[in-house]
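If you're wondering where the values come from, they're calculated on a predicted model, not measured in any experiment. These values consider heavy atoms only, across backbone and side chains, with no hydrogens, waters or symmetry-generated copies.
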Amino acid sequence: MPRRDGTGVPGRAGGRRPPTTAPTETAIPAEAAPASVSADAAPVAPPAEVASSPVPDAGAGRRWRRVASGVLTALAGLLILAVLLAPDRTDRLSAGTFLRIPLEALLGLALLLALPARGRRVAVLTAGPALGVLAVLKVADLGFHAALDRPFDLVLDWALLDDAVGFLGDAAGRAGALAAAAGAVLLTGTLLVLLTLALRRVARLVARHDRAATRTVAALTVVWVACAAFGVPVADSGTSSLVGAHAAEVRERLRDRGAFATRIAADPFADTPSDQLLTGLRGKDVVLAFVESYGRSAIEDPGLAAEVGPVLDAGYRRLRADGYAARSGFLTSPTAGGGSWLAHDTLLSGLWVDNEQRHRSLLASDRLTLNGAFRRAGWRTVGVMPAATQPWPEGAFFGYDGYYDTARLGYRGPTFAYAPMPDQYTLATFERTERAPADRPVMAEIPLISSHSPWTEVPRLIGWDEVGDGSVFAGAAARDTLPGDTVGRAEARAGYRRAIAYSLRTLVSYVETYGDDDLVLVFLGDHQPAPVVTGPHAGRDVPVTVVARDPAVLDRIAGWGWQEGLRPGPDAPVWPMDAFRDRFLTAFGPAGHAAAAHPAR
């Protein structure tokens with residue numbers, strides 16, 4: 001049977017001589033080569049051998065590219081699932097968190113299958129950045145829950161970013177703060193880009209395998225509905241709930257502005273004559289001390305109370321021996337983990353101030369504050385703010401007669417982690433500059449900040465006559481440096497309880513050293529510490545205590561039901577913090593006894 005040779009000419013082998021020799025010899029099949037070919041001529045490679053050098057390499061390259069493409073697509077899908085399934089707080093993270101079917105993924109895949117090619121491209125360019133924003137929002141929620149026990153506020157919390165950078169600068173230095181800020185910006189940009197690219201890759205896979213994708217989505221949808229119907233935790237719609245909650249919060253912020261303005265104007269003490277304000281405290285020096293992060297956990301959590309409780313109990317025994325008495329209860333703070341100014345606003349104004357919008361609205365008003373009532377009634381009012389290292393715009397609203405920020409307090413010693421100065425120096429300077437030389441009663445608001453996080457350095461109580469300009473606190477005998485850092489929970493708790501114990505011990509010692517029949521001390525926590533100390537769901541209650549030597553002062557609050565001592569028990573009354581101003585003004589007003597006996601809840 002005739003066949004074609006290497007030249008493509010039908011007939012027997014060698015039917016037509018090629019114009020050249022060596023190049024064309026390689027094209028002659030081996031079985032058709034002439035017998036006269038010399039034995040020492042260059043061997044002629046068979047066709048299979050000629051083609052064997054590039055072909056296996058190209059095939060292997062294609063296989064590796066397919067494998068790499070498959071791996072990238074799988075990683076893209078896992079990244080999208082991780083964003084959709086990730087919780088917004090660490091206590092919701094468990095082994096089964098990512099073993100769920102997110103409803104949002106099923107809806108997204110169904111949309112990609114239904115859209116034409118151009119529509120898919122538009123959907124990817126829209127939904128990809130939206131996924132990136134969702135990832136950033138979840139990271140922000142994780143951080144805010146860990147630090148402040150609440151989610152990130154999309155409307156109001158942007159103003160806190162500057163405060164966060166400032167706190168990092170105080171705790172870790174300017175370079176550390178700038179590095180953290182740059183890292184946050186880089187992370188945000190990276191998430192936006194990565195999730196857009198990931199969604200584009202998944203969309204291409206769905207388009208190439210639309211039938212298989214359709215069957216898969218249908219099957220998973222049936223599984224999701226069945227699991228949801230029977231309460232099996234495989235069916236997940238957490239992202240939709242999260243987005244809905246943030247959207248509702250945005251609407252609430254817009255609505256609340258007008259409602260809160262109405263509450264500010266409704267003040268039952270706005271027109272009270274000065275001679276009817278605080279008549280039960282005439283002639284008394286009143287010190288209102290906020291102890292930073294002094295929360296209910298400090299006296300009830302066994303791991304914290306083991307150090308804090310004995311300080312309060314021993315301190316009260318000494319005060320009782322000096323003729324003092326105390327009554328204690330609980331207040332529920334509007335904040336936790338931080339935001340001390342919100343607690344100050346709430347206690348002093350009698351309004352629930354739990355966000356920056358309400359804070360700004362309050363500052364723009366003429367609401368009568370507790371210190372304003374003292375000023376109207378004839379007291380010299382003083383604000384002692386040891387942590388105020390920058391201008392304090394709130395000063396114009398509170399209107400203190402005397403104001404001491406970090407610079408004016410004149411401290412010459414070292415800082416202690418976040419705290420610019422020890423509490424003992426703050427109280428000693430107030431006593432020396434305001435209370436001792438005063439020719440009329442003084443009312444002072446004094447935040448004590450030695451117990452502010454990160455709790456890596458804590459002062460020691462020294463003799464009050466040694467305090468001087470504060471340079472003594474540079475010595476090893478006046479400071480405790482905790483080993484390591486406070487990144488871990490155990491280290492944070494150890495530093496926290498030691499710092500709280502120092503602040504409370506300092507307050508008791510101040511009363512022992514400088515107290516008299518005319519001193520009334522009200523001290524309370526501004527908020528609970530961060531969840532790294534308390535654990536999740538610790539609540540927002542803080543202890544509050546009134547200390548006085550004059551029994552008439554405590555008689556005025558007998559109807560409050562507060563318990564004796566510096567440490568309230570588990571069944572002590574709990575009030576919202578915004579109730580304190582009105583109850584205090586009522587108890588110490590002309591009709592104090594009757595009004596205080598039946599406090600309105």
Side-chain angles (χ1 to χ4, degrees), residues 68-90 92-93 97-115 117-148 150-162 164-165 178-207 213 217 236-251 253:
S69 178
V71 170
L72 286 176
T73 302
L75 290 176
L78 290 174
L79 177 61
I80 294 171
L81 287 175
V83 170
L84 293 175
L85 292 172
D88 61 341
R89 50 190 305 161
T90 55
R92 294 176 180 169
L93 186 64
T97 298
F98 297 99
L99 300 178
R100 300 180 181 184
I101 303 173
L103 174 63
E104 301 79 14
L106 297 178
L107 295 175
L109 288 173
L111 179 63
L112 291 176
L113 287 167
L115 289 173
R118 178 174 295 181
R120 279 195 299 270
R121 288 194 293 271
V122 173
V124 167
L125 292 177
T126 303
L131 279 172
V133 171
L134 174 65
V136 172
L137 179 60
K138 287 194 173 185
V139 171
D141 277 351
L142 283 169
F144 270 70
H145 276 297
L148 302 176
R150 65 172 178 82
F152 179 74
D153 191 317
L154 282 169
V155 177
L156 304 175
D157 280 341
W158 302 104
L160 297 181
L161 296 180
D162 182 60
V165 173
L178 292 177
V185 172
L186 181 61
L187 175 63
T188 300
T190 301
L191 286 173
L192 292 174
V193 172
L194 277 181
L195 282 159
T196 301
L197 294 176
L199 186 59
R200 184 176 68 174
R201 180 171 284 274
V202 170
R204 288 176 176 174
L205 178 67
V206 168
V217 170
D236 181 84
S237 59
T239 291
S240 297
S241 300
L242 177 69
V243 172
H246 278 285
E249 185 180 58
V250 170
R251 292 193 298 270
R253 293 291 177 257

For the student: nearest non-hydrogen atoms of [X] and [Y], plus distance:
| X | Y | result |
| --- | --- | --- |
| Leu84 | Lys138 | O-NZ, 3.2 Å |
| Gly128 | Leu195 | O-CB, 3.9 Å |
| Val217 | Leu109 | CG2-CB, 3.7 Å |
| Phe98 | Leu93 | CE1-CD1, 3.9 Å |

Task: Lys/Arg-Asp/Glu bridge criterion (N-O < 4.0 Å) met for Asp141, Arg89 - done: no
TODO: Report the residues that fulfil side-chain hydrogen bond (donor to acceptor under 3.5 Å, both in side chains) with Glu104, sequence neighbours left out, ordered by chain and then residue number.
DONE: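 So Glu104 forms a side-chain hydrogen bond (donor to acceptor under 3.5 Å, both in side chains) with Ser240.
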TODO: Decide side-chain contact (heavy atoms from CB on, under 4.5 Å) for Phe144 and Asp157; before the verdict, give the C-alpha distance in whole Å, the side-chain angles of both, and the deciding distance to 0.1 Å.
DONE: CA-CA 10 Å; Phe144 270 70; Asp157 280 341; 3.3 Å; yes
Task: Side-chain heavy atoms of Leu154 within contact of Leu137, under 4.5 Å - done: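 Yes, side chains in contact.
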Task: Min side-chain heavy-atom separation Pro102-Leu81 under 4.5 Å - done: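 They are in side-chain contact.
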Open item on the list: Main chain of Pro87, side chain of Arg92: is a donor-acceptor contact present, judged purely on distance under 3.5 Å?
Closed with: no
Open item on the list: Before you tell me yes or no, could you show the steps for Leu199 and Ile80 under side-chain contact (heavy atoms from CB on, under 4.5 Å), namely the whole-Å CA-CA distance, both residues' side-chain angles and the distance that decides it to 0.1 Å?
Closed with: CA-CA 7 Å; Leu199 186 59; Ile80 294 171; 4.0 Å; yes
Open item on the list: For Leu142 and Asp88: C-alpha separation, side-chain torsions, deciding distance, then whether side-chain contact (heavy atoms from CB on, under 4.5 Å) applies.
Closed with: CA-CA 5 Å; Leu142 283 169; Asp88 61 341; 5.6 Å; no
Open item on the list: If I take atom CG from residue Leu205 and atom OG from residue Ser69, how far apart are they, to the nearest 0.5 angstrom?
Closed with: 8.5 Å
Task: Residues Leu156, Arg253; criterion side-chain contact (heavy atoms from CB on, under 4.5 Å); working and verdict - done: CA-CA 9 Å; Leu156 304 175; Arg253 293 291 177 257; 3.3 Å; yes
